[in-house]
Amino acid sequence: MTIQWFPGHMAKARREVTEKLKLVDVIFELVDARIPYSSSNPMLEEIIHQKKRVIILNKADTADEKVTQEWIEHFADRGLPAVAVNAQEGKGMHKIERAAEALMSEKFERQRSRGMKPRAIRAMILGIPNVGKSTLINRLVKKNIAKTGNKPGVTKAQQWIKVGKTLELLDTPGILWPKFEDQRVGYKLALTGAIKDDLLHMEEVAGFGLRFLEEHYPEKLQNWLQIENLPEDITEILALVAERRGIFDRYRDPDYSRAAELLVREMRQEKMGRVSFDFPSDLLAVEDDADGGNNSEN
């Protein structure tokens with residue numbers, strides 16, 4: 001599966017974010033809790049430099065709780081505070097403000113010692129499309145102040161948004177687009193609905209999802225299919241789905257394409273339970289490979 005992102009969008013997002021960085025104290029990096037690595041943008045590291053950052057794992061209610069905790073510990077080991085939230089239902093919102101206050105506590109204490117009254121913390125939320133940026137903002141301020149929708153770029157103008165007395169958010173039109181060379185990242189973005197379905201070959205996405213579940217969550221897949229032994233062939237599984245749900249073509253043969261769409265849709269709807277598609281151990285393996293490659297060149 002090949003998905004192309006337009007470099008122009010990336011360049012515009014980078015320019016807008018860079019221009020606004022000097023106005024904020026903290027960056028809130030918003031990622032999908034199911035895919036914290038795949039839904040992040042490697043460009044962010046290059047842009048923000050030493051700016052303080054909080055990782056917000058949104059949609060935590062859809063992810064494997066154990067794996068989410070592993071990610072929080074993984075980020076903590078790298079000096080990055082991370083919090084798990086469910087912006088849709090407003091769960092965990094208080095953690096965000098507390099994390100920002102902890103990051104700024106040393107600076108504010110110095111200001112108090114000089115007789116200065118600390119101002120509200122100024123933050124900017126960054127993330128790729130469809131990770132819930134506008135929903136998060138609305139939950140934080142407890143009103144529909146930011147537009148929400150599945151289309152990227154719904155925010156049109158810069159505005160400061162007050163969150164209580166201690167936090168202000170800079171809402172900007174800048175959006176960081178996903179950038180990936182690894183095909184698996186593209187599949188994971190597709191499985192979680194971060195990429196429009198009309199850009200996808202759904203049978204390929206379903207095939208990747210099935211293989212992933214077979215490896216990491218076989219019991220969940222078996223329960224969903226209501227079978228004890230999983231067929232080896234992906235086509236057999238799709239045929240089984242088609243037969244169970246009455247999805248046939250006009251010749252009464254299994255409609256593999258529609259079966260694949262159903263499988264992906266129900267995976268997104270948690271019909272197979274809470275699933276995480278990124279694991280910290282996978283990222284560590286990638287980093288080890290990269291370090292090995294660097295060492296071999298020296």
Side-chain angles (χ1 to χ4, degrees), residues 1-7 9-10 29-45 55 57-60 62-64 66-68 70-71 74-75 78 82 127-131 152 176-221 224 230 232-235 237-238 256-257 259-270 272-294:
M1 180 183 68
T2 301
I3 300 172
Q4 298 294 336
W5 297 102
F6 300 103
H9 290 150
M10 293 280 285
E29 182 183 2
L30 190 61
V31 298
D32 188 320
R34 294 167 293 180
I35 49 170
Y37 171 70
S38 298
S39 62
S40 65
N41 188 299
M43 184 176 69
L44 193 60
E45 295 281 355
I55 309 294
L57 295 99
N58 193 25
K59 306 180 183 180
T62 65
D64 184 326
K66 180 175 179 293
V67 178
T68 297
E70 289 174 2
W71 274 110
H74 169 85
F75 288 124
R78 283 156 173 72
I128 69 168
N130 295 332
V131 291
L176 295 176
W177 292 73
K179 180 183 180 183
F180 52 87
E181 286 80 29
D182 187 343
Q183 194 177 38
R184 291 171 298 179
V185 170
Y187 282 125
K188 291 174 182 181
L189 288 165
L191 282 169
T192 53
I195 300 173
K196 290 181 180 179
D197 287 349
D198 55 13
L199 296 174
L200 307 171
H201 189 292
M202 202 56 76
E203 287 184 47
E204 288 185 19
V205 177
F208 177 86
L210 284 170
R211 288 299 182 216
F212 184 91
L213 291 174
E214 281 181 331
E215 181 179 355
H216 297 285
Y217 299 98
E219 297 87 358
K220 291 179 184 290
L221 183 57
W224 184 73
L230 293 171
E232 285 291 326
D233 191 272
I234 293 295
T235 305
I237 297 179
L238 290 177
Y256 297 105
S257 180
E261 290 174 7
L262 172 73
L263 188 145
V264 172
R265 184 168 63 251
E266 298 211 344
M267 203 176 294
R268 291 173 182 168
Q269 295 171 347
E270 302 166 67
M272 299 169 202
R274 296 170 61 156
V275 171
S276 290
F277 294 100
D278 278 343
F279 297 85
S281 55
D282 294 338
L283 179 56
L284 291 171
V286 170
E287 292 174 345
D288 288 342
D289 288 344
D291 290 342
N294 292 335

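Computed from heavy atoms alone, side chains included, the values below leave out hydrogens, waters and symmetry copies.
Enclosure of atom CD in Glu232 is not indicated, since only 12 or fewer non-hydrogen atoms of other residues, nucleotides or ligands lie within 6.0 angstrom.
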Inset, instruction - Check the pair Met267 / Leu213 against side chain to side chain contact (heavy atoms under 4.5 Å, CB included), numbers first and verdict last. - result: CA-CA 10 Å; Met267 203 176 294; Leu213 291 174; 3.6 Å; yes
Legend entry - Candidate pair Asn58 and Leu30, rule side chain to side chain contact (heavy atoms under 4.5 Å, CB included), full reasoning: CA-CA 7 Å; Asn58 193 25; Leu30 190 61; 3.6 Å; yes
Legend entry - Test side chain to side chain contact (heavy atoms under 4.5 Å, CB included) applied to Glu204 and Tyr187, step by step: CA-CA 8 Å; Glu204 288 185 19; Tyr187 282 125; 3.1 Å; yes
Inset, instruction - Under the side chain to side chain contact (heavy atoms under 4.5 Å, CB included) rule, what do Leu221 and Glu214 come out as? Steps first, then yes or no, please. - result: CA-CA 7 Å; Leu221 183 57; Glu214 281 181 331; 3.8 Å; yes
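Residues Asp278 and Trp71 share a closest heavy-atom pair of O-NE1, 2.9 Å. Nearest heavy-atom pair across Ser40 and Glu29 is CB-OE2, 3.5 Å. Here the closest heavy-atom approach between residue Met202 and residue Val264 is recorded as SD-CG2, 3.7 Å. Nearest heavy-atom pair across Asn130 and Ala194 is ND2-O, 3.6 Å. The minimum heavy-atom distance linking Pro36 with Leu57 is given by the pair CG-CD2, 3.7 Å. Residues Ala33 and Ser276 approach most closely at O-OG, 4.3 Å, considering heavy atoms.
Rounding to the nearest 0.5 angstrom, the gap separating the CZ atom in Arg34 from the NZ atom in Lys188 is 13.0 Å. Taken from CD in Glu70 to CZ in Phe279, the straight-line distance is 8.0 Å, to the nearest 0.5 Å. A distance of 5.0 Å separates CG in Leu189 from CD1 in Ile128, rounded to the nearest 0.5 Å. Here the CD1 atom belonging to Ile35 is positioned 3.5 Å from the OG1 atom belonging to Thr192, to the nearest 0.5 angstrom.
Ring geometry for Phe212 against His216 counts as tilted: the plane angle lies between 30° and 60°, on a 0 to 90° scale.
Contact check for Phe277 versus Arg184: no side-chain heavy atoms found under the 4.5 Å cut-off.
Remark: Glu215 does not engage Arg211 in a salt bridge, criterion side-chain N to carboxylate O under 4.0 Å.
The main-chain N or O of Ser39 is never found under 3.5 Å from a side-chain atom of Asp32 such that the two would form a donor-acceptor pair.
Evaluation of the side chain to side chain donor-acceptor pair (under 3.5 Å) rule for Arg268 yields Asp197 as partners, not counting sequence neighbours. Contacts of Tyr217 classified as side chain to side chain donor-acceptor pair (under 3.5 Å), with partners at least two apart in sequence or in another chain: Asp64.
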